[in-house]
Amino acid sequence: MKVLVVGGGGREHTLVWKIAQSPRVEQIYCAPGNIGIKNLANCVNLSVDDIKGLADFAETNSIDLTIVGPEAPLVAGIVDEFEKRGLGIFGPSKAAAQIEGSKVFSKELMKKYKIPTAAYRVFDRFEDAITYINTAVVPLVVKAEGLAAGKGVIIVKDRDTAKAAVKDIMIDKAFGASGARIVIEEYLEGPEVTVLAFCDGKIAVPMVSSRDHKPIFDGNKGPNTGGMGAVSPASAYSSELAEVVEKNIIQRTIDAMASEGIPFKGILYTGLMLTKTGPKVLEYNCRFGDPETQVVIPRLKTDLIDIIEAVINDNLIHTKIEWKDETAVCVVMASGGYPGPYEIDKPINGFDEAEKKEAVVFHAGTAAKNDKIVTAGGRVLGITALGKDIQDARQKAYEAVSKINFDGMHYRKDIGLL
Ligand code: AMP
Ligand code: GLY
């Protein structure tokens, strides 16, 4: 079988790494891929937004299955285009991808089907949002409705900052058209957990839990990033909680989408806050998480291609999915200055030494220059290790991290400790 993976970050490197282990796969392509992925797949110079180009490529090269990493092409309708041409693809339709593409859609869905989430209001007029804030209880969370590359959520501690955030989004259009409507919601507190689930439109099969570490500095200090590391399982997520979440949140969401006539097929990412009054949904994504994938997929024993085929054929119910009973830790190594401005083109040393350790090095922002691997993005690498417990996994991951160096590198020392 020939497989095309769309994307070029740490998440896609992990997917390619897993797919390369499938005896059923002869050839992997990745668009655009990265230097690490190049060792396992043919990288194709097409951007993730070039839906027509990707479909033409899949047609010309007789690709049997395309797997999409990032949200933008899913929300733009890549699955509909491939299906129209009779090409095999894994992911939600454009209509189903609204669950991530429109926060108003997802909040209304949760309200209608009684899925626990933060209380909220929707505004499409600046003046109405300001009037509401004048009497609202703070802290509050202000969210642009549409996609904003992970930056569209602003937590505000007082009313003036809330008004400034609304002005930024609605008047100064910090996120363009994505901010034409906003959601203002109740601030929730508690440990955060991510649960990814395979969904075939009818049933959801949750994967093992994970936890992202979004802030740049140790102790969850500093600005939010795309994710500085992850751990699986999430320690706060007990089997009792898992049962409640699976029934009252994840399966209920899949049932709700089916009732709305837009069955959800693909990966449903549920971001949860474990509050004192029970688990509540922070957000849905219509895809694998990054960096959560770097800790979840290495624990998967079953062939990923078998599961994906079962999703496409509406046959998830008959598919056995097995996981390693181990703990996984992923430490992200970032460029100095990230998530603010940073320099690139810094040579990276120590790959051979790091790969000799019991860890896998996933590439995110890397490039080749003069026969050297250099930095090419904010998040550069993700180092994942499995261990018998959190201490063991952390020790293995950080030992590999210590072998790698590049000018200005920054990583958190406390991944898995929170
Ligand atoms: P998102 O960009 O939707 O992934 O949200 C980014 C982060 O904002 C989440 O991971 C949470 O840490 C935080 N967040 C979102 N909604 C809320 C909320 N209602 N209360 C507290 N924190 C939130
Ligand atoms: N780790 C957050 C995300 O993938 O959106």
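Whatever order the structure lists them in is the order used to number ligands and atoms, beginning at 1.
Ion pairing between a basic and an acidic side chain is recognised when a charged N comes within 4.0 Å of a carboxylate O; Lys320 and Glu322 show such pairing.
Residue pairs meeting the ring pair (Phe, Tyr, Trp, His ring centres under 6.0 Å) criterion with at least one member in residues 398-418, sequence neighbours excluded: Phe217-His410. Among pairs with a residue in residues 170-190, none fulfils ring pair (Phe, Tyr, Trp, His ring centres under 6.0 Å), at least two apart in sequence or across chains.
Residue-level proximity to ligand 1 for Leu188 is carried by backbone and side chain together, each with a heavy atom below 4.0 angstrom. Contact annotation: for Ile155 versus ligand 1, heavy atoms closer than 4.0 Å belong to the side chain alone.
The contact set between ligand 1 and Lys103, taken as ligand atoms under 4.0 Å from a residue heavy atom, comprises 3 (O). Interface atoms of ligand 1 facing Lys214, defined by a heavy-atom separation under 4.0 Å, are 4 (O), 10 (O). Those atoms of ligand 1 with a heavy atom of Glu283 less than 4.0 angstrom away are 1 (P), 3 (O), 4 (O). Interface of Met273 with ligand 1, defined as ligand atoms under 4.0 Å from a residue heavy atom, comprises 21 (C), 22 (N).
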Are there any N/O pairs under 3.5 Å between ligand 2 and the protein, and if so, what are their distances?
{"residue": "ligand 2", "atom": "1 (N)", "partner": "Asp212", "partner atom": "OD2", "Å": "2.9"}
{"residue": "ligand 2", "atom": "1 (N)", "partner": "Asp290", "partner atom": "O", "Å": "3.0"}
{"residue": "ligand 2", "atom": "1 (N)", "partner": "Glu292", "partner atom": "OE1", "Å": "2.7"}
{"residue": "ligand 2", "atom": "1 (N)", "partner": "Glu292", "partner atom": "OE2", "Å": "3.2"}
{"residue": "ligand 2", "atom": "4 (O)", "partner": "Arg287", "partner atom": "NH1", "Å": "3.0"}
{"residue": "ligand 2", "atom": "4 (O)", "partner": "Asp290", "partner atom": "N", "Å": "3.0"}
{"residue": "ligand 2", "atom": "5 (O)", "partner": "Asn285", "partner atom": "ND2", "Å": "3.3"}
{"residue": "ligand 2", "atom": "5 (O)", "partner": "Arg287", "partner atom": "NH2", "Å": "2.8"}

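Minimum heavy-atom separation, Gly222 to Pro215: O-CB, 3.8 Å.
Partners of Thr131 under the side-chain contact (heavy atoms from CB on, under 4.5 Å) rule, at least two apart in sequence or in another chain, do not exist in this structure.
Among all protein heavy atoms, the one lying closest to atom 5 (O) of ligand 1 is Val153 CG2, 3.6 Å. For atom 18 (C) of ligand 1, the nearest protein heavy atom (residue, atom name, distance) is Val141 CG2, 3.5 Å.
Ligand 1 lies nowhere less than 4.0 angstrom from a heavy atom belonging to Glu189. Look at Lys143 and you'll find a heavy atom under 4.0 Å from some atom of ligand 1.
One option in Glu186, Glu192, Lys151 has a heavy atom closer to atom 11 (C) of ligand 1 than any other, and that option is Glu192. With distances taken over non-hydrogen atoms, the option nearest atom 23 (C) of ligand 1 out of Leu272, Ile184, Leu282, Thr117 is Leu282.
The distance criterion of under 3.5 Å between nitrogen or oxygen atoms is met by Glu185 with respect to ligand 1. For ligand 1, none of its N or O atoms has an N or O atom of Tyr187 under 3.5 Å away.
In this structure, Asp172 places its CG atom where more than 12 heavy-atom neighbours from other residues, nucleotides or ligands lie under 6.0 Å away. Residue Gln27 qualifies as enclosed at atom CD: its count of foreign heavy atoms under 6.0 Å is above 12.
Between Phe362 and His13, the two ring planes are perpendicular [angle over 60°; tilted spans 30° to 60°].
Tyr29 is not listed as a side-chain neighbour of Ile37, based on a closest heavy-atom distance of 4.5 Å or more.
When ring centroids are compared, Tyr132 and Phe123 come within the 6.0 Å threshold.
Under the side-chain contact (heavy atoms from CB on, under 4.5 Å) test applied with Phe198, the options Ile203, Leu268, Leu304 reduce to a single match, Leu304.
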**Item:** Residues Thr302, Ile307; criterion side chain to side chain contact (heavy atoms under 4.5 Å, CB included); working and verdict
**Value:** CA-CA 8 Å; Thr302 312; Ile307 308 173; 4.1 Å; yes
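In this model, a donor atom of one side chain and an acceptor atom of the other lie less than 3.5 Å apart for Glu292 and Tyr269.
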